[in-house]
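Position 1 is the first residue of the sequence, and the numbers go up from there.
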Amino acid sequence: MAVRLLKWLLAVALLAALALAAWDVATYDKAAWRADFSRLKRDMAQGYANLDWIATHRRLDVAALAGETEDRLDSAHSRLRAWFALKRFIDRFDDPHFRVEDHDPDVPYRGSVSPRPRPAGKDCAAAGYDEGEHAFRFPFEKLPGWRVLAEGAFPTGIADRTGVIRIAQLSEDRYLAACTLAFRPGLSKRALQLDTRRVLQGQLRKRIAALKAAGATRILVDLTGNGGGSEWVAEVVALFTPLRLERPAPRVVGPSCDRSAIWRGRPSPCEVFAPPRAGPARIRGTGEWRGTVLVLVDKDTASASEDFAGWIQDGGVGRILGARTAGAGCGYMDGGTRTSLKVLPVDVRMPNCARFMKNGLNEIEGIPPDIALPMEEPDKAADALARLLAGR
């Protein structure tokens, strides 16, 4: 009996799949997909900050890739195959900030009027806050004399005279407990973000003070696995230096011409960026920490945490240890650039800013460490770090 029922269910599932596939083929609208792809190319030419870099420095033939994609859309004959063609096009750019997301009508689009402040809601959970995983994941316990001083939002420990602070996220909305301390009824989402940031900055100051009291003479900021966050990063960097830092300001899109020639294999008559803003980006250090600084990074250190590493490296504040970072670079200012598809309820989102190191490297290539560690093998990396800290 059970075998017959199973066979019947499989037959029903097969018929349903065949019916769905037949419907997908019968209703596929090639012209609609081509129209969406044309709009995507237009928005990329005018608003994708890394397009020129990828075409020039990575030597991606974007015109040929677009032509291949159009051929695949023409011969797709179904939404599923068309989707694979579009996803293949996006993936070829190998840019973590160039991606597909569910359509969100509340996210501002480039060039749109800034929306009115949105209320945070009844509590932090309603405002979109949750508690991220903050715990150490690198095996610092292998360091001689290691002891944990504090857990919570910013786990802290010390080995001999090297203090360690873990910053697992640079997005305020991953710190629910801090948000709860900051929350007041009637706050806007932006005000709640800033108030939560102030709470977090206070907690970081206490962690630094605890390390100084424990005898630390150098500090290691653990950014492994930190996928990024917000502009809060500048305030965090300021805690770890008394210096005034400068580095090239992020470049923001704003071309002065029609750049569609890039899709025809010809050079664009103008660059994708607006004229550079006056002067470099600056951070004025607050000097909570004045000693040696080390920053531990890996292949999952991305976006705002790469900005942290860039400030430390370009500013001569300290050394970067570990592995080349993820290569996400600068992301979205005021929502970034988006193409809202009509064939599917999704947006193609792309970065509208790019950050460059002092040596001209676009951060989407990842920030190379000053001292490499075998981060894919954590125990070996911890042994190498122990030798480095011991001066061997």
Side-chain angles (χ1 to χ4, degrees), residues 21 24-25 27-104 107 109-111 227 253 255 257-273 302-303 326-333 335-354 362-366:
D24 189 13
V25 171
T27 59
Y28 177 64
D29 187 344
K30 178 177 69 176
W33 281 87
R34 284 291 298 269
D36 270 357
F37 187 60
S38 293
R39 289 191 303 108
L40 175 60
K41 290 192 300 176
R42 178 200 65 200
D43 292 345
M44 289 175 66
Q46 302 302 119
Y48 177 25
N50 294 323
L51 180 59
D52 293 356
W53 177 275
I54 291 172
T56 302
H57 292 267
R58 295 185 182 173
R59 300 187 182 281
L60 178 64
D61 189 336
V62 297
L65 177 61
E68 293 170 9
T69 304
E70 288 163 353
D71 290 342
R72 289 171 181 266
L73 292 176
D74 287 345
S75 61
H77 303 305
S78 74
R79 289 179 175 85
L80 183 60
R81 292 183 64 185
W83 163 245
F84 286 148
L86 184 62
K87 188 65 167 60
R88 174 183 177 273
F89 172 82
I90 293 169
D91 289 346
R92 287 288 302 278
F93 287 86
D94 192 23
D95 181 345
H97 279 128
F98 183 34
R99 62 195 186 201
V100 177
E101 298 181 350
D102 290 339
H103 178 63
D104 184 354
V107 175
Y109 282 62
R110 183 173 59 90
V253 299
C257 69
D258 178 357
R259 289 171 30 86
S260 59
I262 196 168
W263 300 115
R264 298 189 293 274
R266 299 202 297 268
S268 171
C270 67
E271 65 175 354
V272 71
F273 298 116
S303 196
C330 194
Y332 316 118
M333 290 189 176
T337 304
R338 286 174 174 254
T339 301
S340 182
L341 302 186
K342 295 181 179 179
V343 291
L344 294 172
V346 299
D347 293 344
V348 179
R349 194 177 188 188
M350 60 200 82
N352 63 340
C353 66
N362 187 328
E363 283 186 15
I364 65 164
E365 301 302 336

Participant: With heavy-atom distances below 4.5 Å as the criterion, would you say the side chains of E365 and R58 are in contact?
Facilitator: yes
Participant: Could you give the distance from CG (L344) to CG (D36), rounded to the nearest 0.5 Å?
Facilitator: 8.0 Å
Participant: So, for A63 and R264, which heavy atoms are closest and what is the spacing to 0.1 Å?
Facilitator: CB-C, 4.2 Å
Participant: Return the CG to CD1 distance between D94 and I54, rounded to the nearest 0.5 Å.
Facilitator: 8.0 Å
Participant: Mind listing the closest non-hydrogen atom pair of E271 and P255 along with its distance?
Facilitator: O-CB, 3.4 Å
Participant: Could you check whether R349 makes a cation-pi contact with F98, meaning its NZ or CZ is under 6.0 Å from the centre of the six-membered ring and within 45° of the ring axis?
Facilitator: no
Participant: Rounded to the nearest 0.5 Å, what's the gap from CZ on R39 to CE on M44? Could you check?
Facilitator: 14.0 Å
Participant: Might you work through the salt bridge (charged side-chain N to carboxylate O under 4.0 Å, His left out) test for E70 and R72, ending with a clear yes or no?
Facilitator: CA-CA 5 Å; E70 288 163 353; R72 289 171 181 266; over 6 Å; no
Participant: Measuring only between side-chain heavy atoms, which start at C-beta, is L73 closer than 4.5 Å to K30?
Facilitator: no
Participant: Going by heavy atoms in the side chains, are N50 and N362 under 4.5 Å from each other?
Facilitator: yes
Participant: Apply the test side-chain contact (heavy atoms from CB on, under 4.5 Å) to residues R92 and L60: give CA-CA distance (whole Å), side-chain angles for both, the deciding distance (0.1 Å), then the verdict.
Facilitator: CA-CA 8 Å; R92 287 288 302 278; L60 178 64; 3.4 Å; yes
Participant: When you measure from the side chain of R259 to the backbone N and O of S268, does any donor-acceptor pair fall under 3.5 Å?
Facilitator: no
Participant: Look up atom CG in L51 and atom CD1 in I262, then write down how far apart they are to the nearest 0.5 Å.
Facilitator: 4.0 Å
Participant: Relative to the ring of F89, is the ring of F93 parallel (under 30°), tilted (30 to 60°) or perpendicular (over 60°)?
Facilitator: perpendicular
Participant: Pair S303, H97 - check side-chain contact (heavy atoms from CB on, under 4.5 Å), show working.
Facilitator: CA-CA 9 Å; S303 196; H97 279 128; 3.3 Å; yes
Participant: Considering non-hydrogen atoms only, spot the tightest contact between A49 and F273 and give its length.
Facilitator: O-CZ, 3.3 Å
Participant: Nearest 0.5 Å, what's the OH-CZ distance between Y332 and R338?
Facilitator: 7.5 Å
Participant: Indicate the atoms forming the closest heavy-atom contact of C353 with G331, along with that distance.
Facilitator: SG-O, 3.4 Å
Participant: To the nearest 0.5 Å, what is the distance between OH (Y48) and OG1 (T337)?
Facilitator: 10.5 Å
Participant: Quick one: does T339's side chain get under 4.5 Å of L40's, heavy atoms only?
Facilitator: yes
Participant: Indicate yes or no for a side-chain donor-acceptor contact from W263 to the backbone of K41 under 3.5 Å, with no hydrogens or angles considered.
Facilitator: yes
Participant: Taking R81's backbone N and O only, do any of them form a donor-acceptor pair with S78's side chain (distance below 3.5 Å, no angle check)?
Facilitator: yes
Participant: What's the verdict on side-chain contact (heavy atoms from CB on, under 4.5 Å) for V346 and H103, showing C-alpha distance, side-chain angles and the deciding distance?
Facilitator: CA-CA 4 Å; V346 299; H103 178 63; 5.8 Å; no
Participant: Hey, does D95 have a side-chain heavy atom less than 4.5 Å from the side chain of P351?
Facilitator: yes
Participant: Check whether any side-chain heavy atom of L341 lies under 4.5 Å from a side-chain heavy atom of D347, and answer yes or no.
Facilitator: no
Participant: In terms of ring plane angle, is the pair Y28 and W33 parallel, tilted or perpendicular, where the classes change at 30° and 60°?
Facilitator: tilted
